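Notes to accompany the following structure.
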Amino acid sequence: MREAFRGDQRVDPDVLLARLDAVRRFLAAADGHLPDARLVPAHTVVERAGARLALSRDHTVVALAGATGSGKSSLFNTLARLELSPVGVRRPTTGVAHACVWGPPEGAAGLLDWVGVLPRHRFVRESALDGDDEAALRGLVLLDLPDFDSVQWSHRLEVDRLLGLVDLVVWVVDPQKYADRVIHDSYLREFHRHRDVTLVVLNQADRLPPAELPKVLADLRRLLDADGLDGVPLIATTATEPAGIADLRATLERTVAERQAALRRLAGDVDTVVADLGELVGTDRPAAGPDAATTDALTRALAGAAGVPAVTEAVRQAYRHRAAASTGWPLVRGWRRLRPDPLRRLHLPGTAGGGTDPAESLVAATSVPDPTAAQRSALGLAIRSVAEHATADLPGAWPTAVTDAARSRLGDLPDALDRAVAGTDLGLDRRPLWWRFVGAGQWLVTLAAVVGLGWLVLGYVVRALGLPALENPTVGVVPLPTVLLLGGLLAGLLLAALTRPLVRWAAVRARRRAEQRLVTAVAAVGDEYVLAPVRGVLAHYAEARDALRDASRR
């Protein structure tokens, strides 16, 4: 017999539960990122395993599966030693599954409900008259399945459903159709990961001459090996008498006694799922994610789309505008204030609040120019580049999931960038101290010019009225009022000329400072709306990869 049917090949229930939990973790990480069709088998295995483990562990569900005329119903009746399943010449004979339970039926009722065998097709083998004759099979639930090659499609569907639920499958073939392509290509080959719970029976062996039986068994073994079922037990049976099924009955007795078939079946299901999902996670090498150069390119593209160049230029102009209004000649300051502030034209006064009144700051709507077609295209290329660099090492459908994640919030980016720009402190909310000193100096020299002008006007009025002339002190040979007037005017113009280069230099610095703050703000938007979704998918990929590794049989 094959080692899988011996006690040294046991499945630890705790290990099996841990593997199933790992499959659940894989599904939790992969759901929403991988095609649903690829995950359906894993979901099915998790649900089926949970249901099977919750039912009786003291019963072993064994199915007799075979083609039309293979004699599985006769084999079923011979094992039960009762005529339970109909046998006839007209094909197909078995249209629904029949079940025979060895032992008290109460414990197997839940299993049969789950498998879907109708109560009128359930039979109990043991009775008081049997004594201990059937004790070795106590706990066996034997099913006679419909023919898998039935002309009625509903029979095939029922076979496929039941084959996914039973603990052990006994494939019944006959000497005439043991090499039929349907059973090998559609069924036996698909069970190569369930070799531990697969048994092949060559029934009706009594129809072969004694010299031909070894040859047929050898040829059938060759076909099974080609199907990936090397080592699976192969037994010759004759359903016409109990002695012809002695080896099969002994194998079933050992299987029932071990109470391992259900665990082996579920372990094989997990193996199948893990093997099918392996290509979806690839190697153990973690995903690299977007590099610094790609992230910087994304930030530059976001800055262009957010209008950062226009805003920083407005900051430079607004600095010069406000500096001239604070440090310029007082006689022209009023005219300067009549000109609109460049930042306020964009609804950006340069403060952290973002708007000139609370209602405006709540909506955080600016008048920054909309991005051009070139800027929008550059942003799209930058986002695609982020996805491509992040998916360089990802297999299967994960690159598509990452690309979708990178673009998932693309529609929200314009408003987010506008809010980021509106909420950025551009550094113009406080007047520099040197503005105050220069402004005070301008007022001082202007006051001197006004005093000189007033003095001269007063002297002119006195002379015009014929009154005694005022005494005018002199500075050298120039009267003091003239010195005050001309000196104040010249000093104001000179002070304005001297501060103009300083204002230009400071405006450039203010522009650079605002640019740094704006770039930081739009980078935060890019991180939240583009990079964070990408990192989320990569984290789910890593969790799925680790979970599938834990689910693998070690």
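Scope of the values below: all heavy atoms of this structure, side chains included, with no hydrogens, waters or symmetry mates. Note that the numbering runs from 1 along the sequence shown for the chain. Owing to the predicted nature of the structure, the values given are computational and were not obtained by experimental measurement.
- The pair Arg419-Asp415 does not count as a salt bridge, with every side-chain nitrogen at least 4.0 angstrom from each carboxylate oxygen.
- Between the CG atom in Leu39 and the CG atom in Leu34 there is a gap of 5.5 Å [rounded to 0.5 Å].
- Only one option out of Thr198, Asp230, Leu229 pairs with Leu224 in a side-chain contact (heavy atoms from CB on, under 4.5 Å); it is Leu229.
- Each side-chain hydrogen bond (donor to acceptor under 3.5 Å, both in side chains) pair with one or both residues in residues 28-37, not counting sequence neighbours, appears once here: Asp31-His43, His33-His540.
- Checking side-chain atoms of Ser56 against main-chain N and O of Asp58 turns up a donor-acceptor pair under 3.5 Å.
- For the atom pair Asp180 CG and Ser70 OG, the distance stands at 11.0 Å (nearest 0.5 Å).
- For Arg52 and Asp167, the salt-bridge test passes: some basic side-chain N is under 4.0 Å from an acidic carboxylate O.
- A donor-acceptor contact shorter than 3.5 Å is absent between the side chain of Ser385 and the backbone of Ala382.
- Looking only at distances, a side-chain donor or acceptor of Gln204 sits under 3.5 Å from a matching main-chain atom of Gly69.
- Taking the side chain as every heavy atom from C-beta outward, Leu163 and Tyr187 approach each other to under 4.5 Å.
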Practice task
Just do the side-chain contact (heavy atoms from CB on, under 4.5 Å) check on Asp227 and Val232 with the steps written out, would you?
Solution key: CA-CA 11 Å; Asp227 293 334; Val232 166; over 6 Å; no
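- The CG atom of Asp206 sits 9.0 Å away from atom OG1 of Thr237, with the distance rounded to the nearest 0.5 Å.
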Practice task
Go through the steps for Ile183 and Val173 under the test side-chain contact (heavy atoms from CB on, under 4.5 Å), then give the verdict.
Solution key: CA-CA 9 Å; Ile183 187 173; Val173 299; 3.5 Å; yes
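- The structure places CZ of Arg300 at 13.0 Å from CG of Leu379, a figure rounded to the nearest 0.5 Å.
- A heavy-atom distance below 4.5 Å is not found between the side chains of Gln152 and Pro146.
- Looking at heavy atoms from C-beta onward, Leu75 lies in side-chain contact with Leu248 at the 4.5 angstrom threshold.
- Looking only at distances, a side-chain donor or acceptor of Arg122 sits under 3.5 Å from a matching main-chain atom of Val117.
- Ion pairing of Arg222 with Asp225 is absent here, as no side-chain N (NZ or NE/NH1/NH2) approaches a carboxylate O to less than 4.0 Å.
- The existence of a salt bridge linking Arg207 and Asp174 is excluded, since no basic side-chain nitrogen approaches an acidic carboxylate oxygen closer than 4.0 Å.
- Taking 4.5 Å as the limit, some side-chain heavy atom of Arg384 sits within range of a side-chain heavy atom of Leu381.
- Although no hydrogens or angles enter the test, the distance criterion places no donor-acceptor pair under 3.5 Å between the side chain of Glu543 and the main chain of Arg25.
- Within the 4.5 Å cutoff, the side chain of Asp527 has heavy atoms near those of the Arg535 side chain.
- When side chains are defined from C-beta on, Val45 does not count as touching Val23, because their heavy atoms never get closer than 4.5 Å.
- Checked against ring pair (Phe, Tyr, Trp, His ring centres under 6.0 Å), His192 has no partners two or more places apart in sequence or in another chain.
- Residues Asp147 and Lys72 are paired through a salt bridge, judged by an N-O separation under 4.0 Å between the basic side chain and the carboxylate.
- In this structure, a donor-acceptor pair under 3.5 Å is absent between the side chains of Tyr178 and Asn203.
- In terms of modelled atom types and a separation under 3.5 Å, the side chain of Thr403 and the main chain of Ala387 share no donor-acceptor contact.
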Problem - Stepwise side-chain contact (heavy atoms from CB on, under 4.5 Å) test for Leu410 and Leu413 - result: CA-CA 5 Å; Leu410 188 59; Leu413 270 179; 3.7 Å; yes
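- Checking Asn77 against Ser74 by side-chain atom types alone, no donor-acceptor pair falls below 3.5 Å.
- A 4.5 Å side-chain heavy-atom check between Pro395 and Glu279 finds every atom pair outside the cut-off.
- Of all heavy-atom pairs spanning Val166 and Ala63, the tightest one is CG1-CB, 3.8 Å.
- Note that CG of Leu208 and CG of Leu202 are 6.5 Å apart. Values are rounded to the nearest 0.5 Å.
- Every residue meeting the ring pair (Phe, Tyr, Trp, His ring centres under 6.0 Å) condition with His194, not counting sequence neighbours, appears here in chain and number order: Phe191.
- Taking the six-membered ring where tryptophan is involved, the planes of Phe148 and Trp171 are perpendicular, since the angle between them exceeds 60° and thus also 30°.
- The environment of Arg221 atom CZ is dense: over 12 non-hydrogen atoms of other residues, nucleotides or ligands sit within 6.0 angstrom.
- Ion pairing between Arg249 and Glu253 holds under the 4.0 Å rule for side-chain N and carboxylate O.
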Exercise for the section: Using the side-chain contact (heavy atoms from CB on, under 4.5 Å) rule, take Leu17 and Leu53 through it: C-alpha gap first, then chi angles, then the decisive distance, then the call. Expected result: CA-CA 9 Å; Leu17 289 174; Leu53 293 174; 3.5 Å; yes
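- Side-chain polar atoms of His98 and Asp144 form no donor-acceptor pair below 3.5 angstrom.
- Between the side chain of Arg376 and the main chain of Pro371, a donor-acceptor pair closer than 3.5 Å is present.
- With hydrogens and angles disregarded, no donor-acceptor distance shorter than 3.5 Å links the side chain of Arg259 to the backbone of Thr60.
- Looking only at distances, no side-chain donor or acceptor of Trp102 sits under 3.5 Å from a matching main-chain atom of Ala135.
- The main-chain N or O of Thr372 is found under 3.5 Å from a side-chain atom of Gln375 such that the two form a donor-acceptor pair.
- Considering all non-hydrogen atoms of both residues, Ala97 and His121 come closest at O-CB, 3.5 Å.
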